[in-house]
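To find a chain, count down the sequence lines: A is the first, B the second, and so on, and within it residues start at 1. Fair warning: this is a prediction, and the values are worked out from it, not measured in the lab.
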Amino acid sequence: MERKKLISDDGRRLDGRRLDEIRPIKFKIGVLKNADGSAYMELGKTKVIVGVFGPRELHPKHLAVPDKCIIQARYHMAPFSVKERKPPAPTRREIELSKVIREALEPAIFVELFPRTTIEIYAEVIQADGSTRCAAISAASLALADAGIPMRDLVASIAVAKVDGHLVLDVMDEEDKYGSSDMPVAMMPSKNVITLLQMDGMLTYEEFKKSLELAKKGCMEVYMKQKEALESYFKNIKEEK
Amino acid sequence: MERKKLISDDGRRLDGRRLDEIRPIKFKIGVLKNADGSAYMELGKTKVIVGVFGPRELHPKHLAVPDKCIIQARYHMAPFSVKERKPPAPTRREIELSKVIREALEPAIFVELFPRTTIEIYAEVIQADGSTRCAAISAASLALADAGIPMRDLVASIAVAKVDGHLVLDVMDEEDKYGSSDMPVAMMPSKNVITLLQMDGMLTYEEFKKSLELAKKGCMEVYMKQKEALESYFKNIKEEK
Amino acid sequence: MERKKLISDDGRRLDGRRLDEIRPIKFKIGVLKNADGSAYMELGKTKVIVGVFGPRELHPKHLAVPDKCIIQARYHMAPFSVKERKPPAPTRREIELSKVIREALEPAIFVELFPRTTIEIYAEVIQADGSTRCAAISAASLALADAGIPMRDLVASIAVAKVDGHLVLDVMDEEDKYGSSDMPVAMMPSKNVITLLQMDGMLTYEEFKKSLELAKKGCMEVYMKQKEALESYFKNIKEEK
Amino acid sequence: MTISPIPSLKKKQIYELAESGKRIDGRGLIDMRKIEINTNILDKAEGSASVKLGDTYVIAGVKFEISEPFPDIPDEGILSVTAEFLPLASPLFEAGPPDENAIELARVVDRALRGGKAINTKKLCLIPGKKVWTVWVDIFVFDHCGNLIDASALASLCALLTAKIPKTEVIGNEVKILDEYEPLPIESLPIIVTIAKIGDKLLVDPSLEEEEVMDCRISIAFVEGKDKQEHICAIQKGGRGSFSYEEILRAVEIAKVKSQEIRKIIPCGGK
Amino acid sequence: MTISPIPSLKKKQIYELAESGKRIDGRGLIDMRKIEINTNILDKAEGSASVKLGDTYVIAGVKFEISEPFPDIPDEGILSVTAEFLPLASPLFEAGPPDENAIELARVVDRALRGGKAINTKKLCLIPGKKVWTVWVDIFVFDHCGNLIDASALASLCALLTAKIPKTEVIGNEVKILDEYEPLPIESLPIIVTIAKIGDKLLVDPSLEEEEVMDCRISIAFVEGKDKQEHICAIQKGGRGSFSYEEILRAVEIAKVKSQEIRKIIPCGGK
Amino acid sequence: MTISPIPSLKKKQIYELAESGKRIDGRGLIDMRKIEINTNILDKAEGSASVKLGDTYVIAGVKFEISEPFPDIPDEGILSVTAEFLPLASPLFEAGPPDENAIELARVVDRALRGGKAINTKKLCLIPGKKVWTVWVDIFVFDHCGNLIDASALASLCALLTAKIPKTEVIGNEVKILDEYEPLPIESLPIIVTIAKIGDKLLVDPSLEEEEVMDCRISIAFVEGKDKQEHICAIQKGGRGSFSYEEILRAVEIAKVKSQEIRKIIPCGGK
């Protein structure tokens with residue numbers, strides 16, 4: 001499958017990273033005025049904006065559930081986020097990712113606290129350079145926190161790939177395309193549980209275990225950045241008051 | 001129109017049948033667990049599975065009717081049921097056939113007994129070799145009976161075609177395609193009434209009368225098979241108890 | 001842009017009109033039986049039929065507004081109304097025009113008189129030779145009057161174009177296509193207010209002012225024809241009684 | 001489309017009248033309503049006609065388009081019929097894609113034209129296997145006062161009869177459309193007649209009120225064959241009820257007579 | 001999109017303030033909100049820009065695609081503008097295909113660019129009648145705080161100004177896309193200015209609260225022609241109310257001044 | 001699809017049983033339900049299979065179509081998997097386009113087949129960059145009694161194993177389809193095993209009742225590589241809950257064993 005040398009002889013990746021190195025991360029919280037909570041994330045060149053509404057009333061009302069809040073999530077890519085223009089209507093891929101993103105975030109939210117309501121999470125990918133679902137999840141956690149929604153933990157997400165026979169952390173586009181496996185993972189790091197796990201490609205059991213370890217390390221790094229971003233955000237808000 | 005000799009000199013059809021002979025019929029009742037009633041039919045190579053739900057509440061509720069049950073029917077072909085793959089979205093043909101199938105079955109159902117409810121009939125064609133609507137109707141009758149829905153009579157259905165100048169009973173695909181007329185008919189045989197009648201092609205009044213007679217004979221044969229199948233099905237159920 | 005001489009040396013247009021001359025107008029009111037009000041308009045070769053329903057209950061009910069009537073409008077072109085067959089599904093253009101037509105008519109209607117109801121306006125273009133939205137608006141006014149809906153004034157509409165450097169009144173298809181600007185205007189003439197104004201192309205401020213004057217003149221002429229048509233229609237109705 | 005509730009009183013009245021051979025609008029059981037046909041009513045359509053059948057009002061327009069033939073009939077042009085039940089035609093119609101009633105109508109009209117071989121589609125082939133004419137017939141329903149099928153079939157046929165198709169020149173694989181026109185190769189005139197069953201009576205050309213209470217209906221198309229004989233070329237039973245054999249045979253006989261009457265009033269001298 | 005109910009108190013307040021020449025956010029009647037433009041914010045888009053107009057936040061991205069020209073203009077490239085009102089941009093927006101407001105916005109931006117001849121589309125023709133560039137401008141609305149039209153038009157123009165289109169080589173009927181880029185042939189800078197009518201006052205660049213209570217609005221695009229004169233290149237009246245002649249002429253005069261002000265702050269030296 | 005409300009009593013029962021290593025239908029925690037595979041059940045499909053997994057009933061059909069390759073893999077055929085949750089399969093399914101569950105199912109089956117390199121797609125290339133075979137696998141769910149993913153993956157694989165593809169002859173740029181057939185180039189047999197988490201127990205092949213109350217599930221596909229080793233070729237976590245690391249590793253180990261068991265019962269001698 002590999003058509004291109006993705007790992008140099010001295011173990012560096014196309015963008016110069018080491019195998020277990022994540023790309024530069026930039027978070028910005030509270031970037032939108034109308035959304036109840038919002039966050040922007042750059043994971044290398046992958047750029048995502050997430051807005052959150054809720055808890056609010058659900059329409060039509062008969063869809064409401066008496067003992068918990070319904071989580072809705074939409075993952076969506078801008079037509080200009082990729083090399084070949086993507087028509088704006090949701091693809092099958094976007095529909096599936098919307099589902100797994102929702103299921104990755106829901107375990108962190110105290111849904112029992114808001115019966116008969118809904119929380120809506122909208123993730124807009126404005127530039128895609130691999131691991132967009134991971135960025136959407138990591139940013140959505142911060143947007144949820146910004147909206148003041150009580151959570152068990154933040155959800156941090158990262159992907160691991162097998163590329164030219166090596167396991168690499170934080171997969172970028174070319175590694176996804178020409179690598180031999182891709183495995184996005186999301187965790188609640190302080191709870192030590194996994195809320196998203198997908199994989200395709202070929203891994204032995206040993207490789208899988210190592211990938212999972214690597215993902216754990218990566219999620220923890222994302223988690224640290226998330227917490228930093230939140231702290232400085234809430235500190236600023238306090239100071240502004 | 002005819003491009004191919006469809007009737008041999010000794011009056012046999014492509015599959016060896018006589019002009020007024022129907023193909024081998026196989027019924028299986030109660031083939032699905034979740035549906036309230038179900039039936040499978042083979043009419044030669046035409047294969048149909050029908051599932052029925054109801055009477056049950058109608059959503060949205062304002063569509064319910066105070067003095068009777070709403071019958072809903074869907075006729076649908078699997079992509080792999082025909083030579084050229086058929087995309088799964090319903091075609092105009094499938095929408096029309098859903099309507100005439102519903103109207104062929106409704107006269108047999110005591111709709112007044114279940115006000116404000118709906119009965120849903122889903123016919124899935126998994127292999128199409130002509131007369132699929134007839135098989136859907138004949139199988140649906142059994143599925144309705146399996147669901148315990150009170151009926152005035154079973155509805156039996158068969159098609160008559162004009163092929164190479166002859167009227168033939170129980171039309172298969174090639175006869176439909178290259179024949180000069182196709183006329184599907186559904187009846188309640190014990191009531192001696194017609195609940196479905198469609199025709200296209202060219203028939204004189206005399207030919208039409210003969211076609212109708214032939215269809216009557218065919219429906220009666222299907223009806224016998226339906227009753228046999230029901231009897232042995234209910235006998236088995238009783239024995240199992 | 002101009003590919004064709006649209007104005008002759010003696011100041012005549014392709015169909016022989018002077019620059020400020022509108023095409024022959026024909027109105028027919030009450031042309032449909034089922035609609036609460038209806039009108040047919042010919043503006044040259046542009047032919048439009050408008051039907052109006054309401055005020056009537058709005059479905060679904062939660063869309064109703066407590067203090068006024070909701071106006072709905074649909075502008076739609078028949079597949080055979082234009083040179084190249086237009087598929088019947090509404091285009092983006094038709095959706096935009098439906099909006100501006102609604103907004104052109106709403107100022108004339110006493111919406112406060114019919115809280116919680118809706119008035120529906122359906123304009124069907126059966127032949128398009130330019131200025132179809134103007135014809136739809138002018139005809140809709142008469143259909144609304146025919147439906148007995150109280151209005152502040154009739155709305156009259158006409159378009160002005162710049163063609164070969166001249167401003168011309170009541171734009172036909174070829175002038176729209178090859179002219180350098182198109183400006184449809186709708187007014188309530190007796191109120192001296194503008195309820196629709198669109199423009200594209202290139203106009204200096206002075207040209208724009210002159211275009212607006214010309215449009216005013218044109219609207220007034222349409223208005224006279226509208227009033228004539230209404231008068232003779234109501235007179236006939238009276239006589240029939 | 002929802003069903004409008006007709007007071008049961010009206011239903012009773014219609015049934016009782018039918019019983020004694022009468023109808024609510026004064027017609028006899030096998031009388032059609034007044035038919036008004038106007039052809040060539042539009043310039044931008046290649047063919048057009050409007051039909052008023054009582055207060056039912058329908059316009060059909062014809063357009064042409066060069067397209068690829070179907071692989072199984074590479075040497076024949078394509079007939080394509082659509083119908084729109086415009087929301088202004090009835091308080092019960094809604095804007096949106098055609099529902100099952102509009103689709104059924106278009107398909108029944110299509111089958112009558114096709115089964116009756118109205119158009120010689122072989123003459124619409126330009127380059128076998130590559131390019132043929134598609135004939136679009138778009139039916140617009142403006143006023144629904146019952147029996148849309150017969151009105152639509154008649155409007156479609158008359159629009160086809162008045163249609164002018166451009167002549168073409170084929171050079172290699174290119175088709176050049178000329179600025180000369182000729183009539184469509186119309187070879188027969190299929191006419192649909194719809195008959196409603198009310199109790200044990202058959203009523204020709206049901207009005208909207210009759211349709212709303214009828215047991216069921218049957219639409220039968222007749223065409224004059226090359227043998228100068230009348231042939232049935234399409235049938236469609238509709239509605240929730242059922243017919244006996246005798247009723248169907250009777251309906252077919254009535255339709256045969258009525259279709260011949262209608263065919264006589266088609267403009268253009270039947271062509 | 002539903003209309004959010006604005007307390008009638010707030011409506012009264014906005015009207016009274018306007019009456020005395022004031023606005024709820026402290027602006028004068030013809031003051032724009034603060035404009036912040038960022039260009040080239042994305043690598044995968046061929047051109048991109050974000051615009052903040054007060055709290056209204058919009059991103060436009062440009063992509064190219066080789067396609068067939070329209071048959072009536074075989075020698076010109078195609079401009080195609082879409083707009084998405086993202087559901088995160090307002091509690092009232094819903095996910096789904098563009099509604100009438102998004103479609104109107106895209107079409108008004110499109111008309112301003114087209115009417116104002118912003119792009120020399122003839123230079124985007126590759127093989128006349130066969131292959132031309134389509135220029136896609138996709139507008140994404142991230143925060144709806146009023147006056148989306150002006151913000152979107154500005155973002156679209158700035159995205160086009162920064163766009164780089166690949167050079168090509170035409171060999172026979174094949175177009176080879178090279179790995180060299182050049183700017184788009186932008187020849188003018190159409191700017192839309194939207195003005196709301198509140199009572200008998202005209203307010204430039206209405207905020208969301210003002211839009212929710214306004215009588216109506218008018219959007220006017222100005223461009224500098226080759227004659228160095230200001231030309232109107234698009235107008236769109238919106239909303240339920242009406243304008244007098246005088247109001248429209250006044251609005252056009254205001255828009256002329258404001259559009260020139262905005263044009264001055266466009267990055268890339270106006271190019 | 002709505003969630004059917006399961007009485008909390010039943011939920012409690014399922015959890016308590018699981019706690020003591022039991023299941024409501026009498027199975028042990030890592031027992032599959034009975035599997036019944038029928039292949040070649042249809043003549044018009046090029047390949048077909050039905051799978052009963054307990055009462056869950058699924059049919060997969062294979063069709064071929066000549067199409068253009070994807071530009072980034074010009075020398076490979078295309079695999080395209082769809083799934084329809086037929087409305088007769090569950091009182092909760094509705095007619096309409098595939099919802100997120102049907103789309104997820106189709107994509108997970110697709111990924112297992114693709115990741116596990118089940119089909120040698122290079123052998124499905126006819127004219128590089130121009131014409132390749134598309135292999136359609138359409139999954140129809142007839143009875144939803146839990147664990148649709150495993151049943152669907154198995155039916156799809158068996159349908160592919162029985163599929164016969166026409167031989168072809170390439171002459172210039174034309175592909176001639178011959179009337180001879182050969183098997184598809186199937187090179188490996190990916191098997192998906194789904195495991196539900198109920199409390200802190202893992203249950204193989206969840207029934208519908210178990211799915212309705214489970215915390216979450218994980219689907220793991222195994223394939224035998226060319227090195228004769230078992231490889232994971234797809235994973236999908238589903239549902240609202242979360243897994244610990246240990247649970248995931250345990251699930252993977254269970255899936256490895258179970259997938260080998262299932263692979264043994266595949267008809268056609270594993271081919």
Side-chain angles (χ1 to χ4, degrees), chain B residues 30-40 42 44-54 56-57 59-60 72-90 94-95 98 118 120-130 132 136 139-140 143 146-147 172-173, chain F residues 2 4 40-50 52-67 80-98 102 106 134-146 155-156 159 163 166 207-208:
Chain B
V31 293
L32 303 178
K33 191 172 156 65
N34 278 312
D36 293 331
S38 58
Y40 168 73
E42 286 182 17
K45 290 190 171 181
T46 288
K47 299 183 183 184
V48 176
I49 299 178
V50 179
V52 165
F53 289 102
R56 60 177 181 176
E57 226 184 310
H59 293 285
Q72 298 179 280
R74 188 177 91 135
Y75 163 96
H76 187 231
M77 295 179 88
F80 46 77
S81 64
V82 281
K83 198 163 175 301
E84 303 287 326
R85 177 177 183 272
K86 188 206 86 80
E94 284 168 295
I95 291 169
S98 296
T118 185
E120 289 153 61
I121 301 163
Y122 298 106
E124 299 291 337
V125 178
I126 59 174
Q127 188 155 284
D129 189 13
T132 53
D146 182 31
M172 59 187 179
D173 199 29
Chain F
T2 359
S4 84
N40 251 332
I41 56 170
L42 301 171
D43 300 327
K44 301 230 169 177
E46 269 70 45
S48 60
S50 70
K52 287 201 82 170
L53 179 59
D55 285 316
T56 286
Y57 183 44
V58 163
I59 296 179
V62 173
K63 297 294 292 178
F64 300 114
E65 202 174 81
I66 293 180
S67 50
S80 201
V81 181
T82 81
E84 292 266 318
F85 287 9
L86 301 176
L88 52 65
S90 160
L92 303 176
F93 289 170
E94 280 167 22
T134 287
V135 180
W136 284 99
V137 177
D138 292 296
I139 300 162
F140 262 43
V141 174
F142 279 93
D143 227 341
H144 173 22
C145 301
S156 301
S207 69
L208 184 59

Subject >> Under 4.5 Å from a heavy atom of chain F, the part of B:Val52 involved >> reply: neither
**OP:** Counting only heavy atoms closer than 4.5 Å, note whether F:Thr82 contacts chain B via side chain, backbone, both or neither.
**Re:** side chain
**OP:** Report the residue from B:Arg56, B:Gln72, B:His59 that forms a side chain to side chain donor-acceptor pair (under 3.5 Å) with B:Thr118.
**Re:** B:Gln72
**OP:** Mind ranking B:Ser38, B:Ser81, B:Ala78 by heavy-atom pairs under 4.5 Å with chain F and telling me who comes out on top?
**Re:** B:Ala78
Original post:
Between F:Phe142 and chain B, which part of the residue has a heavy atom less than 4.5 Å away: side chain, backbone, both or neither?
Top reply: both
Subject >> Which portion of B:Ala128 sits near chain F, non-hydrogen atoms under 4.5 angstrom >> reply: backbone
Subject >> Trace of the side chain to side chain donor-acceptor pair (under 3.5 Å) decision for B:Asp129 with B:Thr46 >> reply: CA-CA 5 Å; B:Asp129 189 13; B:Thr46 288; 5.4 Å; no
Original post:
Side chain, backbone, both or neither: which part of B:Lys33 has a non-hydrogen atom closer than 4.5 Å to chain F?
Top reply: both
Original post:
Going through the checks in order, is the side chain to side chain contact (heavy atoms under 4.5 Å, CB included) test met by F:Ile59 and B:Phe80?
Top reply: CA-CA 10 Å; F:Ile59 296 179; B:Phe80 46 77; 3.9 Å; yes
**OP:** State which residues pass salt bridge (charged side-chain N to carboxylate O under 4.0 Å, His left out) with B:Asp173; sequence neighbours excluded, sorted by chain then number.
**Re:** B:Lys177, F:Lys44
**OP:** Against chain B, label F:Pro97 side chain, backbone, both or neither, depending on which of its atoms sit under 4.5 Å from a heavy atom there.
**Re:** neither
Subject >> B:Asn34 (side chain) donor-acceptor with F:Ala89 (main chain) under 3.5 angstrom >> reply: yes
Original post:
So does B:Glu124 pair up with B:Arg74, basic N to acidic O under 4.0 Å?
Top reply: yes
**OP:** Go through B:Ala123, B:Ala35, B:Pro79 and name the one with the most non-hydrogen pairs under 4.5 angstrom from chain F.
**Re:** B:Pro79
